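Okay, so here's the structure we're looking at.
Since the structure is predicted, the reported quantities are computational estimates derived from the model, not experimental observations. Just so we're on the same page: letters track the sequence lines, and every chain starts at 1.
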Amino acid sequence: MSNQPDLYTADSIEKKWQQRWVEAGIDVANDSDDDTRETYYCLEMFPYPSGNLHMGHVRNYCLGDAVARYKRMQGFNVLHPIGWDAFGLPAENAAIKHGRPPAEWTYANIAQMREQLKRLGLSYDWSREIATCKPEYYRWEQWMFTKLMEKGLAYRKEAEVNWCDPCHTVLANEQVVDGVCWRCDTAVKRKNLAQWFIKITDYAEELLNDLDQLKGWPDKVVGMQRNWIGKSSGAEISFQVEGSNETLDIFTTRPDTLMGVTYMAVAAGHPLAKQAAVGHPELAAFLEECSKISTKEADVETMEKKGMALDIHVIHPVTGDLVPVWVANFVLMSYGTGAVMSVPAHDARDFDFAQKYGLSIKQVITPTSGDWDIAEAAFTEAGVLINSSEFDGLPSVDAKAAVITWLEQHNKGKERVQYRLRDWLLSRQRYWGAPIPVVHCVDCGLVAVPDAQLPVILPENLQPTGGVSPLSECEAFVNTICPACGKAAKRETDTFDTFMESSWYMNRYTSARCDTAMVDAKSMQRWAPVDQYIGGVEHAVLHLLYARFYHKLMRDVGLFDGAEVGNEPFKNLLTQGMVLLDGSKMSKSKGNTVDPIDIIQKYGADTARLFTLFAAPPERDLEWSDAGVEGASRFLNRVWRLLDKVGKTYQGTAHEKLTQALRRTTHSHIQRVSHAFEQGFAFNVAIASMMELSNALGSFEACDEAGKDAFDEGLRALVTMLSPLVPHFACECGERLGFKTMAVMTPWPKVDASALVQDEISLVVQIQGKKRGEILVSPDVSQDDALKAAQADEHVAKWLEGQQIVKVILVKGRLLNLVVKPA
RNA sequence: GCGAGAGUGGCGGAAUUGGUAGACGCGCUGGAUUUAGGUUCCAGUGUCUUAUGAUGUGGGGGUUCGAGUCCCCCCUCUCGUACCA
């Protein structure tokens, strides 16, 4: 042989197999009832068609593809679809920049990214491809919206909402991160606007409870959703305003501390505060100051607690005492009722405020054991009630119930559950989105566009300019006839939040071409829910919450039966880590990107796939390494060279033991690789195991037929197990090895238990838990025999000199530990 | 502040769930092949050490015959979240 090693040619091999897979139709999910295989639905979060694949996509889709292919080899009928989250702002921004309509830009990007995905050799069922900007997709979303209007779950309301200037639109609460817009990082403003909402709050309890079903989700994501929903239980209590018929209503989680109330605090935006500010310039100025504080600036550490007395008093519901009302900058209008009862003795914040303004502090809870100096700090734990007249002596838990009962009996309050979750604001003042199917009629008001007139098609040829949505200036679109009375009317020109499209696409894939319904019930039953969903953790409380909600909405408008399909859209969730370069996230703005296409051109798709799967566990961040890519490529070439050893006989005596050992290695690696695939798709571990098998095959030299067979068996298993990860490469190897079917369609190898049996194993001998030697024994050796063998071993014997064995522990197949003491 | 997770060689990371710590890969060192570089192959590679061993999974305690793994305390980092009443 020359010293020019035989390198496999990725480029031609990959093209060849991609074509063959298409011809064989192996990636198409089978909808036929005759197919008796169990179904498996594997889904990766679909991409926004930005135009170019980045490494994050590559990682996401390689993970998903490995899962899908593995499940196919295990005999599942796999659904593995792909599509485009095609509406959204970047298309509009690009349109403004290039002077082309967003549609054109979007469709061109889709075409380009589709080709890039195909170059990676991902096993998608392209027959189900969807683009959410197409009327045949969004018409069902419009249909759904009209159903929700009918049910009273969709409504239009004027409210204080988040407004982003650069994006020129309102945002949902979930899209405001640390007070700034999730897309452009600009501080959001508060504006009063009439907007469309859907009542996700009606589903708060179910969304919270069903989190318990999501055993296959990372705890982290479940926890984030739980926090976001933010359920708290307590009481709503009414305080009569002195000299008025009005009441000041508050929410508290600590009704047991009711008797310790020494003042009330309301938000700057509270009606009572506004009322008091009339003719009171100083107070008005303070309210003005509070309203200017953006959420970003409201940093707990830095912001001083400030307030002003309102010269209003309320009457304590139990004692009848007069309680002063203050306005305070730490009370939020957007949570609860915008007012709180302040119990400085038992709330740290109220305590600070009371101290600052010299308000009185009344202790009503005492620790069950020990003392507490209430002059020092608030006692915020549960305890026993004191200074609370009829409630004295009750533990906090019982006191809560007792106070609520008292309030209910006296009609001054009631038990209440409070959620942090707000209704989903889903109208956007943008052009490139699905039109909200509503007509504004002077006589009839808001009228839903009837079924027969759907879809309301978005004109695709408009040119946005950056200001007002071109839709509102498009007369052909705006002017219409009221579906109810037939008179001239105007269309709603707001469009849906693009999270609407991504909230149900996973269900649409089950029947992507269905044109009679949003989803086909039978297909839902066959495929849904998604067995394995894979994507970034950044959608933990955005997309993943909306999609869970939407799934339940679809169920409740009767599109499928929750008992049959399930009440949750994603059974298992894998949140993959980011791809880093030099320790920080790859991003265009930082200029630290590696273009996947360059890697594919240089090494081939399989090397790119192998590296991203090998370099880190799926859920952890992956540090890009050119040297690591080289290593992945080297490994494939090593396997490639192994093919030359097939059928070769080496000089030497046939050694039955070595052949047996190779078979044992092969089957133990089949076991380990299978295990790694099953345990959270630990592809990095699986690949390491395959590398070991490859190394074992590389150093094996067959001297007889049995040896050649064992080598062949090991290599075939290796190639088969590699095929979900590096499918083109594996298929080419498989063909050279004379596989009957393509490697990617070959059944997953089975462990031959008999090959794992050993007649002699090496047993570690420990003394006082420290390794002192190794002995060769039969695997089911008795403790006595093991001890004898250990004592006979010279290394061990040295350590036993002058020692008395007091205890012997044998761990079958692993070790023998001797506990000794000086004789 | 609260919640969750993580700390293992020069680096990415393994460890059959309490049983030989550092698999596998990268990097590095030496050697072979080569005019040379690259490729490939062989050997080595936690630390200290007179080669015998000692020591070693952020630090300190504990349970155990035996701890990276379990328990308690502390430190550091990452992520999420926050005046939520």
Side-chain angles (χ1 to χ4, degrees), chain A residues 1-7 177-178 218-224 226-228 230-232 234 250-254 257 265 267 295 298-301 303 305 328-332 334-343 347-350 352-353 418-420 537-538 540-541 577 611 614-617 619-632 634-635 637-638 641 668 671-672 675-676 679 682 684-695 698-699 762-774 806-820:
Chain A
M1 281 294 276
S2 77
N3 52 9
Q4 291 295 316
D6 181 18
L7 297 172
V177 182
D178 286 338
D219 292 344
K220 183 181 168 183
V221 176
V222 171
M224 283 166 76
R226 185 166 281 128
N227 286 339
W228 188 262
K231 180 180 181 176
S232 52
I250 59 94
F251 171 73
T252 179
T253 56
R254 292 296 301 273
T257 63
T295 23
D299 224 28
V300 188
E301 318 295 324
M303 201 170 111
K305 289 179 180 38
N329 63 349
F330 62 85
V331 181
L332 306 175
S334 55
Y335 186 79
T337 60
V340 296
M341 65 178 207
S342 294
V343 187
D347 180 281
R349 206 178 29 198
D350 295 346
D352 292 347
F353 193 82
Q418 175 71 32
Y419 298 92
R420 207 182 79 114
V537 75
E538 64 273 17
V541 285
F611 172 73
F614 180 58
E619 63 282 355
R620 212 137 7 138
D621 287 347
L622 182 156
E623 176 68 35
W624 187 265
S625 150
D626 291 331
V629 178
E630 292 278 355
R634 266 203 294 272
F635 169 64
N637 279 307
R638 271 203 299 275
R641 264 174 259 123
S668 78
Q671 196 170 46
R672 280 169 59 187
H675 185 255
Q679 295 293 304
N684 58 325
V685 183
I687 292 166
S689 179
M690 289 189 242
M691 285 173 167
E692 283 185 70
L693 175 55
S694 155
N695 291 343
S699 54
S762 120
L763 194 71
V764 167
V765 180
Q766 294 184 336
I767 290 166
Q768 317 288 55
K770 283 186 178 153
K771 182 182 169 185
R772 295 302 183 201
E774 267 177 65
V806 293
K807 193 169 178 184
V808 180
I809 297 120
L810 175 70
V811 183
K812 275 243 157 34
R814 297 218 159 266
L815 57 79
L816 180 76
N817 189 17
L818 306 178
V819 186
V820 299

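In terms of phosphate contacts, A/S232 brings a side-chain nitrogen or oxygen within less than 4.0 Å of OP1 or OP2 of B/rA85. Residue A/R226 has no polar side-chain atom (N or O) positioned under 4.0 Å from OP1 or OP2 of B/rG80. The side chain of A/K807 places an N or O atom within less than 4.0 Å of a non-bridging phosphate oxygen (OP1 or OP2) of B/rC65. Distances shorter than 4.0 Å separate some side-chain N or O of A/R634 from OP1 or OP2 on B/rC26. Within the structure, every side-chain polar atom (N or O) of A/R620 is placed at least 4.0 Å from both OP1 and OP2 of B/rA6.
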Please list, for nucleotides 21-24 of chain B, all pairs of protein and nucleotide N/O atoms separated by less than 3.5 Å.
residue : atom : partner : partner atom : Å
B/rA23  : O2'  : A/E692  : OE1          : 3.3
B/rA23  : O2'  : A/E692  : OE2          : 2.8

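The side chain of A/A616 lies closest to B/rG13 when the candidates are B/rG80, B/rA85, B/rG13. Of the candidate nucleotides B/rC84, B/rU20, B/rC65, B/rC65 has the atom nearest to the side chain of A/V819. The side chain of A/K770 sits closest to B/rU55 out of B/rG27, B/rU55, B/rU20. Closest approach to the A/R420 side chain among B/rA54, B/rG66, B/rA82 is made by B/rA82 (side chain taken as heavy atoms from C-beta onward).
Here A/G230 lies out of heavy-atom contact (under 4.0 Å) with every strand.
Remark: B/rG1 base-pairs with B/rU81. Criterion, Watson-Crick or G-U wobble with two distances under 3.5 Å. Base-pair partner of B/rG18: not found among the strands shown (Watson-Crick or G-U wobble, both distances under 3.5 Å). Shown here, B/rU63 forms no base pair; nothing in the strands shown gives a Watson-Crick or G-U wobble contact with both key distances under 3.5 Å. Base pairing of B/rU47: its partner is B/rA54, meeting the Watson-Crick or G-U wobble criterion (both donor-acceptor distances under 3.5 Å). As the counterpart of B/rG37, no nucleotide is assigned, since no Watson-Crick or G-U wobble pattern has both distances under 3.5 Å.
Looking at which nucleotide of RNA chain B each of A/S699 and A/Y335 is closest to, the 5′-most match is held by A/S699. With the nearest nucleotide of RNA chain B identified for both A/A615 and A/E774, A/A615 has the one nearer the 5' end.
The distance from atom CZ of A/R641 to atom P of B/rU39 is 12 Å, rounded to the nearest whole Å. Between the CG atom of A/L622 and the P atom of B/rC26 there is a distance of 16 Å, rounded to whole Å. Distance CG (A/L693) to P (B/rA14): 20 Å, rounded to an integer number of Å.
Its glycosidic angle being more than 90° from 0, B/rU63 falls on the anti side.
Checked against the 6.0 Å centroid criterion, the rings of A/F614 and A/F635 do not qualify as a close aromatic pair.
Comparing the C1' positions of B/rU63 and B/rU47 gives a spacing of 29 Å, expressed to the nearest Å.
Partner of A/Q766 under the side-chain contact (heavy atoms from CB on, under 4.5 Å) criterion, out of A/V819, A/L818, A/N817: A/N817 alone.
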